[in-house]
Amino acid sequence: MTKFEHATVLLKFEKKNFAASRSDVLQGLTKESAAALGKLGDDCWELVSVLPFVSGGPFLPGPSGTDAALGFFKRAKA
């Protein structure tokens, strides 16, 4: 039976925008976040899910939009 290890990474964006899908969430990442994703891929981590952080909205001041996202990763244990 394969055992897995898991990791989470905070991904930040150049500017706030609205994301309707996982592929939309990954657009506009900062250079540091894009580099972190590349390194995780090189180290055999698989992106399993992305959870966007959304601030603002009808009850909070300021424009709403995605500030960052939390990426969930897994890879087989060595």
Side-chain angles (χ1 to χ4, degrees):
M1 182 168 134
T2 304
K3 295 190 179 194
F4 294 94
E5 58 183 328
H6 299 84
T8 56
V9 175
L10 181 63
L11 304 169
K12 297 182 181 179
F13 298 99
E14 293 288 342
K15 62 181 180 176
K16 199 183 281 195
N17 61 18
F18 180 76
S21 70
R22 185 169 68 181
S23 62
D24 291 340
V25 167
L26 297 177
Q27 301 300 314
L29 290 173
T30 62
K31 289 179 183 178
E32 294 82 12
S33 290
L37 279 179
K39 172 125 177 57
L40 287 164
D42 291 343
D43 292 340
C44 298
W45 287 97
E46 176 184 355
L47 179 62
V48 176
S49 184
V50 176
L51 177 65
F53 290 116
V54 179
S55 65
F59 303 109
L60 299 171
S64 62
T66 303
D67 295 313
L70 191 58
F72 296 89
F73 296 83
K74 74 173 186 176
R75 70 176 174 185
K77 282 189 175 183

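The chain is numbered in sequence order, starting from 1. Heavy-atom basis, side chains included; hydrogens, waters and symmetry copies ignored.
Not a single side chain to side chain contact (heavy atoms under 4.5 Å, CB included) links Lys31 to another residue, sequence neighbours left out. For Asp42, the side-chain hydrogen bond (donor to acceptor under 3.5 Å, both in side chains) criterion is met by no residue, not counting sequence neighbours. Lys39 pairs by the side-chain hydrogen bond (donor to acceptor under 3.5 Å, both in side chains) definition with Asp43, not counting sequence neighbours. Remark: Glu46 engages no residue in a salt bridge (charged side-chain N to carboxylate O under 4.0 Å, His left out) (not counting sequence neighbours).
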Listing, residues 4-12 side-chain donor-acceptor contacts under 3.5 Å, not counting sequence neighbours, or none:
| from | atom 1 | to | atom 2 | distance (Å) |
| --- | --- | --- | --- | --- |
| Glu5 | OE2 | Arg75 | NE | 2.8 |
| Glu5 | OE2 | Arg75 | NH2 | 3.4 |

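Note that CG of Leu40 and CG of Leu47 are 9.0 Å apart. Values are rounded to the nearest 0.5 Å.
The two residues Glu14 and Leu29 make their nearest non-hydrogen contact at CG-O, 3.8 Å.
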